[in-house]
Amino acid sequence: MSKPNIHPVPEAFKAQTLMDRDTYDRLYAQSINDPDSFWADRANEFLDWKTPWDTVSDWDFKEGRAAWFKGATLNVCYNCVDRHLPERANQTAIIWEGDEPDQDKHISYQELFEEVSKFGNVLKDRGVKKGDRVVIYMPMIPEAAYAMLACARIGAIHSVVFGGFSPEALKDRINDAGACAVITADEGVRGGKTVPLKINADKAMTGIDTVHTCITVKRTGGDVNWHGDRDVWYHEAIASASAECEPEWVEAEDALFTLYTSGSTGKPKGVVHTSAGYLLSAALTHKYVFDYHEGDIYWCTADVGWITGHSYIVYGPLANGATTLMFEGVPTYPDASRCWQVVDKHKVNIFYTAPTAIRALMGLGNEPVTKTSRATLKLLGTVGEPINPEAWEWYYKVVGESRCPIVDTWWQTETGAIMIAPLPGAVDLKPGSATLPMFGIEPVLMDPDGNELEGATSGNLAIKSSWPSQIRSVYGDHQRMIDTYFSAYKGYYFTGDGARRDEDGYFWITGRVDDVLNVSGHRLGTAEIESALVLHPSISEAAVVGYQHDVKGQGVYAYVSLMAGKEGSDELVKELRDLVTQEIGPIAKPDLIHFAPGLPKTRSGKIMRRILRKIAANELDSLGDTSTLADPGVVDQLIETRLNK
Ligand code: PRX
């Protein structure tokens with residue numbers, strides 16, 4: 001392995017940082033040695049509570065059980081909005097930048113308060129109560145944040161579904177959540193194209209009798225269907241709503257939201273996050289990882305449909321009284337300078353995006369970047385997948401002009417908040433490494449027998465002790481959470497990722513060790529894509545693996561076996577790709593579809609994905625032992641016909 005290029009904290013950055021190395025070391029040690037007193041102090045510092053807690057933490061990973069701040073009550077919306085009013089009523093809470101460069105809006109904390117309170121009342125008027133589930137299927141418009149906060153205000157549990165998911169995928173999530181209301185928009189706009197969200201939502205809601213209300217925000221004025229009793233226009237409903245809506249004081253451990261994410265088996269899981277612990281971790285990490293100073297303009301490019309949008313567009317920044325930028329569009333529309341033009345236009349100081357976007361922009365050359373100023377930028381961040389050192393160096397030198405540290409943040413939907421990342425004023429950077437753990441996080445590397453590994457080595461990444469924003473349950477199937485995260489290594493949370501730790505204790509995430517793909521930073525289960533493919537009448541069997549892709553990180557390689565008498569064709573490839581788009585969404589569309597005469601199986605009928613991964617990666621000399629296969633000849637046929645040559 002070549003030696004990494006170490007980038008020390010730039011002197012100018014060091015001079016203004018919130019947290020230097022000594023402070024990080026001291027606080028980290030305290031957070032591990034005396035977690036309850038560490039978190040009690042932070043809970044008082046970061047959040048406002050209605051009533052205090054009885055116990056700070058109460059957990060047992062052998063049972064997969066965790067609770068934080070039991071006995072306390074608070075309201076998440078109050079913490080993100082109301083309590084800032086005395087100091088920040090006129091400060092911008094949300095800068096909205098539309099898909100077209102001439103569209104933007106500044107929403108002050110006072111306006112946010114009024115919008116959210118009215119929306120809360122609209123939900124209450126429609127009979128939505130504490131504990132009810134509300135699905136939010138929205139484009140990146142301020143109303144998406146209002147909807148989330150309005151749910152939090154009245155104690156309803158939101159479940160945001162990414163606007164790029166298909167009606168089928170939305171239907172599954174509405175059903176699983178047993179949602180009583182859906183909030184959507186007539187259409188979304190991205191990169192100059194419209195997405196028919198209301199039409200999709202109508203299809204998804206067909207045949208579901210739990211949904212009594214669908215609230216639609218008018219974004220484009222595009223055509224929609226209307227269902228009299230169920231459907232409500234947002235603008236009409238809030239016109240008469242009162243801006244006084246007392247927050248519902250909820251228990252610390254009451255659910256704040258569920259968010260569906262893919263695993264290695266079965267349908268996506270509704271990850272349950274609770275109120276107090278989640279908000280505390282989101283706020284603390286937002287402040288220290290992004291070195292957030294009063295007045296900074298902060299921009300996270302994620303979509304609110306993903307956990308990154310929850311924690312680092314909405315909850316973390318707003319809990320800290322920050323100004324958060326919400327972008328409706330895509331980095332390449334109208335052209336490849338868009339991100340940097342937005343940075344200049346709104347004087348953005350902190351910019352947080354995904355490696356896939358960085359790689360795509362890097363492929364379009366330096367000029368779209370260098371023709372902009374970017375003088376306001378002081379910190380850059382990445383999330384969602386491993387970043388290759390080449391893309392890291394480009395981001396550092398070309399975008400950040402070697403002035404801005406890069407925080408490579410490793411975390412997951414299930415962790416709720418950033419787990420491993422450099423505190424930028426404290427930790428020297430190594431391109432490709434997420435570096436060191438956050439306060440209270442104890443990452444360990446495990447060997448296959450479930451022993452912790454010491455020193456510089458590689459292994460499966462697990463977490464040894466609880467942290468406030470950890471997953472509490474899988475909605476409707478608590479046992480599934482225990483089986484998925486707390487069974488591989490008794491007494492540990494298993495992440496599903498592999499990692500290496502170097503001689504400085506830095507972590508290098510190597511990627512998933514299970515059947516989960518990471519395509520453009522989006523998490524996809526191979527089983528979900530396979531289930532979609534086999535719906536086609538010509539397909540008898542499918543096996544999906546990932547392969548290295550220059551821009552997406554991983555591409556989707558699908559092996560499909562045909563029914564007797566059927567033949568592969570370009571037409572069928574198209575039908576299969578369309579089918580996956582229809583069942584899941586365009587993000588899951590296979591890049592390569594290989595009509596396989598047979599799939600390699602053990603004698604007990606289990607598909608040997610390890611071999612399929614090697615064939616897709618063209619690593620033909622490391623296929624391993626194929627003699628145990630039911631029909632070893634299948635492998636030769638697959639090699640001969642393999643794609644991705
Ligand atoms: O494999 C890891 C990868 O993304 C997975 C989590 O995906 P999701 O729940 O969708 O959340 C993404 C945003 C937090 C992880 O198991 N991952 C996330 N961040 C990084 C990463 N891999 C390497 N480096 C990262 N910084």
Side-chain angles (χ1 to χ4, degrees), residues 160-162 164-165 257-264 268-273 278 281-282 285-286 289 300-313 315-316 352-359 380-389 391-392 395 406-422 429-438 441 443 460-463 469-471 474 484-485 488 493-501 506-526 528 546 552-554 585 587-588:
V160 185
V161 177
F162 172 55
F165 277 123
F257 66 87
T258 70
L259 185 60
Y260 286 82
T261 192
S262 297
S264 46
K269 301 181 278 284
V271 171
V272 177
H273 281 294
Y278 169 79
S281 292
T285 50
H286 171 262
V289 174
C300 165
T301 69
D303 190 285
V304 290
W306 310 115
I307 190 71
T308 309
H310 284 59
S311 304
Y312 298 109
I313 295 177
Y315 289 116
Y352 187 34
T353 195
T356 189
I358 299 164
R359 286 191 297 265
L380 302 171
T382 78
V383 58
E385 46 176 325
I387 180 162
N388 46 315
W392 195 103
Y395 196 29
I406 296 180
V407 290
D408 175 350
T409 63
W410 174 83
W411 58 296
Q412 309 178 297
T413 305
E414 296 87 341
T415 70
I418 294 169
M419 301 287 278
I420 304 180
L429 305 174
K430 299 183 192 180
S433 172
T435 77
L436 300 175
M438 286 298 97
I441 307 301
N460 284 349
L461 182 64
I463 311 289
S469 61
Q470 78 165 72
I471 178 173
V474 165
T484 310
Y485 306 103
Y493 166 85
F494 177 45
T495 65
D497 281 330
R500 178 169 71 83
R501 185 172 46 216
Y506 279 35
F507 286 89
W508 301 71
I509 311 298
T510 47
R512 301 290 304 195
V513 294
D514 53 11
D515 290 321
V516 169
L517 306 183
N518 195 325
V519 178
S520 301
H522 301 318
R523 194 165 144 181
L524 297 166
T526 51
E528 282 170 81
K552 296 176 167 191
Q554 276 192 309
I587 53 173

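Each ligand, and each atom within it, is numbered from 1 in the order the structure gives. Keep in mind that this is a model prediction, so the values were computed, not measured.
Of all the heavy atoms of T413, the ones lying under 4.0 Å from any atom of ligand 1 are found in both the backbone and the side chain. Residue contacts with ligand 1, taken as heavy atom pairs separated by less than 4.0 Å, do not involve I387 at all. Counting heavy atoms closer than 4.0 Å to ligand 1, residue A434 contributes nothing at all. Contacts between Q412 and ligand 1, counted as non-hydrogen atom pairs separated by less than 4.0 Å, involve both the backbone and the side chain.
Not one N or O of T495 is nearer than 3.5 Å to an N or O of ligand 1, by distance alone.
Using a 4.0 angstrom heavy-atom cutoff, G511 does not count as in contact with ligand 1.
Which parts of ligand 1 touch N518 is read off a 4.0 Å heavy-atom cut-off, strictly below it: atoms 3 (C), 4 (O). Those atoms of ligand 1 that come under 4.0 Å of a heavy atom in R523, given as number and element, are 6 (C), 7 (O), 8 (P), 9 (O), 10 (O). Atoms of ligand 1 lying under 4.0 Å from any heavy atom of V383, numbered from 1 in the order shown and given with element: 13 (C), 14 (C). Under a 4.0 Å criterion applied to the non-hydrogen atoms of I509, ligand 1 contributes the atoms 22 (N), 23 (C). Within ligand 1, counting atoms from 1 as listed, the ones closer than 4.0 Å to a heavy atom of T409 are 19 (N), 20 (C), 25 (C), 26 (N).
Ring pair Y278/F257 is perpendicular by interplanar angle, where above 60° counts as perpendicular and below 30° as parallel.
Of all protein heavy atoms, the one closest to atom 6 (C) of ligand 1 is W411 O, 3.7 Å. For atom 16 (O) of ligand 1, the closest non-hydrogen atom on the protein side is D497 OD2, 2.7 Å. Scanning the protein heavy atoms around atom 13 (C) of ligand 1, the nearest turns out to be T308 OG1, 3.4 Å.
Rounding to the nearest 0.5 angstrom, the gap separating the CH2 atom in W306 from the NE2 atom in H522 is 5.5 Å. Note that CG of D514 and CG of D497 are 7.5 Å apart. Values are rounded to the nearest 0.5 Å. Within the model, atoms CD1 of I358 and CH2 of W392 stand 10.5 Å from one another, a figure rounded to the nearest 0.5 Å.
For the residue pair T285 and A417, the shortest heavy atom distance occurs at OG1-CB, 3.9 Å.
Between the side chain of D303 and the main chain of G309, no donor-acceptor pair closer than 3.5 Å is present. With hydrogens and angles disregarded, no donor-acceptor distance shorter than 3.5 Å links the side chain of Y395 to the backbone of P355.
Of all the listed residues (G521, A499, G263, G384), G384 holds the heavy atom that lies closest to atom 3 (C) of ligand 1. Residue nearest to atom 25 (C) of ligand 1, selected from H522, M419, E385: E385 (by heavy-atom distance).
Aromatic ring centres of Y260 and F165 lie farther apart than the 6.0 Å criterion allows.
Judged by distance alone, the side chains of Y485 and E414 do bring a donor and an acceptor atom under 3.5 Å apart.
Residues K430 and W508 are in side-chain contact: their nearest non-hydrogen atoms beyond the backbone lie under 4.5 Å apart.
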